[in-house]
Structure formats: structure tokens, C-alpha cells
Participant: 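Quick one: the structure is below, questions incoming.
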Amino acid sequence: MFSLIKALTTDQSTLDLYYIKKRKEAYKKTHGIPRHIRLHNFLHWFLLPCIKALRIAGKRNLIIYCDRRTKTHNPTIYACTHIGGVDIETAFEAIKYPCWLFLGDPREVYKNLDGFMLGLNGVICLDSKDKDDRRIAKETAIQLLKHGGNLLIYPEGVWNISENLPVGKLFIGTAEMAIQSKADIVPIAVEFYGNDLCVAIGKNMDISKFAIEDKYTVNQLLRDELATLKWTIWEQRGISKRALFPDNYSETFVNKIIYGNKETSYTVQDVLNTMFIDKSITEYSQAFEHLNNIKPNLQTAFLFNKRSK
């Protein structure tokens, strides 16, 4: 295992490859069955007060607008919207019960206290660029659920930096894990308003009646539930006047997600490179990308004209 000093002095790409190799070696030995599930669940209860203390020290308020969960003997996947900052800590505190974190592209936690605490809690890491590492993480999560553990996952995969989508397109893995492990899905929406951390927790989604062929149906149902929970928070917060928002609010909004709450090496391009791309939808930039290859002249000028109504 890398020592802390070696981790801090090793370049990031070497560190990433080391941990990918380490996860693949561990998978061969354990066949994806996580070790010490009960111990990690026990340690979770000691980490919760630390999370709460850090929130209070940061003068942040946790507001839970609704919690519609019901008790179940089934394993549970807590599927949460992803908006950056402290949304992982916020979800842990709102959920309360032990659950492992499913963490993609964990390069920053290799070198800090967050990584140590997540290791105590229980975490399943993967590098999104490595196909085999993604498969191992998914199989490990399914085994965790089958052996009595719960999971916290962010099905959008990346921070939602969209200007108009309440919930981004979801990766199909959450639905597949739930169907294969017969786990309930509990949708959770998170929003930040200044120092207010706002949470809405939905009802358990019973996935037992679905087969693996129904995974796209489950995926859409989950996205609908997450969007509805976002709307629940918005209704509670009320309407804001447009005059309160600066002209460059779009840029401010994105910068706050990426850089606003924690020091990070992630960039907007990292988000765009790893987000789910729906090939059936043509984005605005794609629709007009051909204009970059057209030289303006008298014959092509009409393509650039903006007709008035």
C-alpha cells in the first residue's frame, strides 16, 4: 500500500494506475465480495457525528423537506442527484443509516483525509475510463447488496452543470444493480441555497417485479422521481426575482458547482468528458457545428443571417 508521503509525491497518472491495478488484484482474490461489511457499517455510526460537526463548524444548515422512506428488509440503493460541493456528506447525514459510497474517478481522495474516512465508511471506487474497472465496481456493488450492505450512488455520474435540466441523463448501472440484487431504490434530491443544504427523500421504489430487460424503464422511473423531488425542494424555497440574479449567472452557477465549496482539480471539461451522452438527442452546439467549417462569402452569407420575426 502506498504510504501517505509516497501518495503525496507521486504524480496523479501513476497513482491512478496503481489503484486500478490494486482493485483488479483484489477482485481476483475476493470475486467482488466486499470484506468486513459489518465493521464498516459499525464505523459509519462514528463518522456521522464528525460529518455533522464539520457542517456546523462551516455554519451550514441541513434542511430535510420530506422523508418518505419506509422500513424494508431489502438491501437499499440510495440514488442521489449530484451537484458537487458537500453533497456526499449531506446525503450521508440525511440518510443516517450505513451505506457504502459508489465513487467514480476518485483521484482526489487518494491523497486526503476524505479518502481515509471513506475507507472507514466503505467505498467502491472506479476509474470511468477503464472498462474493466467499471465492471469490477459494478459487480462489487451487487455483491455488497446481496451480502447485506446498502449503497449510496450518484446515477448522473457527474455534477449536474446544466442550465435547464433538473436531473441529467442517468447511467443505466443503478437500474441494473437494483434488478440483479433485488434491492429497493430510494431516490434523493439535494439542492444548495447559500448555507442551506436542502434534501428531499422519496419513497422506496420496489424493483422486484422488473427483469433485467426492463432496466431502461426503471432508469426512466428513477429519473422522473428525482426530478419530482427537486421540484418539491423548489416549491418549498419559493420563487426568486429575476433581478436578484446577475447577467453572468450561468457562468457563476457552473463555477460555484466546480470551484465553490471545495478545492478541486476537476474542471468543466472533465464533467463534459464523463457525463452520459444520449446519442438520440442533438445538442445545440452539435446542430450548428458545421458553421465552423464554412467560410463566409456572398454564397454562404444567408446561413449566418438572423431573420427578425
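By convention here, the first residue in the shown sequence is residue 1.
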Participant: Restricting to non-hydrogen atoms, name the atom on L229 and the atom on A189 that form the minimum distance, rounded to 0.1 Å.
Facilitator: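 Looking at all heavy atoms of both residues, the shortest contact is CB-CB, 3.5 Å.
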Participant: Please report the interatomic distance CG(D184) to OG1(T72), rounded to the nearest 0.5 Å.
Facilitator: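 Those atoms lie 4.0 Å apart.
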Participant: Would you say L39 ends up clustered with M117 if hydrophobic residues are merged whenever their side chains have heavy atoms under 4.5 Å apart, either directly or through other cluster members?
Facilitator: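 Yes, M117 connects to L39 through the hydrophobic network.
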Participant: What closest approach, in Å, do I207 and A178 show between heavy atoms, and which atom pair accounts for it?
Facilitator: CG1-CB, 4.1 Å
Participant: What I'd like to find out is whether the side chain of C99 reaches to under 4.5 Å of the side chain of F92, using heavy atoms alone.
Facilitator: yes
Participant: Please examine the side chains of R23 and D127, heavy atoms only from C-beta on, and report whether any two atoms are closer than 4.5 Å.
Facilitator: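 Yes, side chains in contact.
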Participant: So do I153 and M177 actually touch side chain to side chain, heavy atoms under 4.5 Å?
Facilitator: yes
Participant: Measure the shortest side-chain to side-chain distance between L221 and F210 over non-hydrogen atoms and say whether it is less than 4.5 angstrom.
Facilitator: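 SC-SC contact between L221 and F210 confirmed.
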Participant: Does I212 CD1 have over 12 foreign heavy atoms under 6.0 Å away?
Facilitator: yes
Participant: Roughly how far apart are I95 CD1 and T90 OG1, rounded to 0.5 Å?
Facilitator: 10.5 Å
Participant: Examine distances only and state if a side-chain atom of E156 and a backbone atom of G168 form a donor-acceptor pair shorter than 3.5 Å.
Facilitator: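 Flag set: sc E156 to bb G168 pair under 3.5 Å.
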Participant: Salt bridge check: are D16 and K129 linked by an N-O gap of less than 4.0 Å?
Facilitator: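 No, no charged N to carboxylate O under 4.0 Å.
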Participant: My understanding is that only one of I37, I77, T76, N41 makes a side-chain contact (heavy atoms from CB on, under 4.5 Å) with N150; could you say which?
Facilitator: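 It is T76, the one option of I37, I77, T76, N41 that forms the side-chain contact (heavy atoms from CB on, under 4.5 Å) with N150.
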Participant: Given R69 and Y97, is the side chain to side chain contact (heavy atoms under 4.5 Å, CB included) satisfied, shown in steps?
Facilitator: CA-CA 12 Å; R69 285 177 290 177; Y97 300 108; 3.7 Å; yes
Participant: Taking all non-hydrogen atoms of both residues, which atom of Y154 and which atom of C80 are closest, and how far apart?
Facilitator: CD2-O, 3.3 Å
Participant: If you look only at pairs with a residue in residues 208-217, which of them pass as a side-chain hydrogen bond (donor to acceptor under 3.5 Å, both in side chains), with sequence neighbours excluded?
Facilitator: E176-K215, D206-S208
Participant: Please say which of K203, E225, R223 ends up in a side-chain contact (heavy atoms from CB on, under 4.5 Å) with P187.
Facilitator: E225
Participant: Might you point out which heavy atoms bring P166 and N160 nearest each other, and give the distance in Å?
Facilitator: O-ND2, 3.2 Å
Participant: Could you give the distance from CD1 (I233) to OG1 (T228), rounded to the nearest 0.5 Å?
Facilitator: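 So the CD1 of I233 and the OG1 of T228 are separated by 11.5 Å.
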Participant: If you round to the nearest 0.5 Å, how far is SG of C198 from OH of Y193?
Facilitator: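 Between Y193 OH and C198 SG, I get 6.5 Å after rounding to 0.5 Å.
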Participant: When the ring planes of W231 and W234 are compared, do they come out parallel, tilted or perpendicular, using 30° and 60° as the limits?
Facilitator: perpendicular
Participant: Where the side chain of Y19 meets the backbone of P106, is there a donor-acceptor pair that is under 3.5 Å apart?
Facilitator: no
Participant: Would you check if the side chain of T81 reaches a backbone N or O of V190 as a donor-acceptor pair within less than 3.5 Å?
Facilitator: yes
Participant: Does a side-chain heavy-atom distance below 4.5 Å link L222 with L226?
Facilitator: yes
Participant: Parallel, tilted or perpendicular for W159 and H82, by the 30°/60° rule?
Facilitator: perpendicular
Participant: With sequence neighbours excluded, tell me which residues meet salt bridge (Lys or Arg N to Asp or Glu O under 4.0 Å) with K24.
Facilitator: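 Only D130 meet the salt bridge (Lys or Arg N to Asp or Glu O under 4.0 Å) criterion with K24.
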Participant: Suppose we screen for side chain to side chain donor-acceptor pair (under 3.5 Å). Which residues come up paired with T70, at least two apart in sequence or across chains?
Facilitator: N204
Participant: Could you tell me whether the side chain of Y78 reaches within less than 4.5 Å of the side chain of I201, counting heavy atoms only?
Facilitator: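 No. Closest side-chain heavy atoms not under 4.5 Å.
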Participant: In this structure, would L62 and L48 fall into the same cluster of hydrophobic residues linked by side-chain contacts under 4.5 Å?
Facilitator: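 Shared cluster, yes.
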Participant: Report yes or no: do W45 and I88 belong to one cluster of Ile/Leu/Val/Met/Phe/Trp/Tyr joined by side chain heavy-atom distances under 4.5 Å?
Facilitator: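 In one cluster: yes.
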Participant: Output yes when a side-chain donor or acceptor of K111 lies under 3.5 Å from a complementary backbone atom of T10, and no otherwise.
Facilitator: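 Looks like yes, one N/O pair under 3.5 Å.
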Participant: If you define the side chain from C-beta out and look only at heavy atoms, does anything of T14 sit under 4.5 Å from Y18?
Facilitator: no
Participant: May I have the step-by-step check of side chain to side chain contact (heavy atoms under 4.5 Å, CB included) for T232 and R68, ending in yes or no?
Facilitator: CA-CA 12 Å; T232 298; R68 299 169 183 153; 4.3 Å; yes
Participant: Could you tell me whether the side chain of L197 reaches within less than 4.5 Å of the side chain of R55, counting heavy atoms only?
Facilitator: yes
Participant: Is there a path of hydrophobic side-chain contacts, each under 4.5 Å between heavy atoms, that joins L101 and V109?
Facilitator: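 In one cluster: yes.
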Participant: Are any of the side-chain nitrogens in E93 or K52 under 4.0 Å away from the carboxylate oxygens of its partner?
Facilitator: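 Here E93 does not pair with K52 in a salt bridge, since their nearest N and O are not under 4.0 Å apart.
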Participant: So which heavy atom on V186 is nearest to which on G202, and how close?
Facilitator: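 Closest pair (atom of V186, atom of G202, distance): CG1-O, 3.8 Å.
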Participant: Apply side chain to side chain contact (heavy atoms under 4.5 Å, CB included) to the pair I83 and K230, showing each step before the final yes or no.
Facilitator: CA-CA 12 Å; I83 58 173; K230 279 262 188 167; 3.8 Å; yes
Participant: Just wondering, are more than 12 heavy atoms of other shown residues or ligands nearer than 6.0 Å to CZ in R237?
Facilitator: yes
Participant: Return yes if some donor-acceptor pair links the side-chain N/O of N112 with the main-chain N/O of G115 below 3.5 Å, else return no.
Facilitator: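 At least one qualifying donor-acceptor pair exists.
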Participant: Rounded at 0.5 Å granularity, tell me how far CD1 in I20 sits from CG in D133.
Facilitator: 5.0 Å
Participant: Between S181 and P75, which heavy-atom pair has the shortest distance, and what is it?
Facilitator: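 It is O-CG, 4.0 Å.
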Participant: Same cluster for V86 and L120 if Ile/Leu/Val/Met/Phe/Trp/Tyr side chains link at under 4.5 Å?
Facilitator: no
Participant: Show, in sequence, the C-alpha distance, side-chain angles and deciding distance for I142 and K138, and conclude whether the side chain to side chain contact (heavy atoms under 4.5 Å, CB included) test is met.
Facilitator: CA-CA 6 Å; I142 292 171; K138 177 184 170 184; 4.3 Å; yes
Participant: About how many Å separate CG of L126 and CG of D105, when rounded to the nearest 0.5 Å?
Facilitator: 6.5 Å
Participant: Could you tell me whether a side-chain N or O of N74 sits under 3.5 Å from a main-chain N or O of K182, the two making a donor and an acceptor?
Facilitator: no
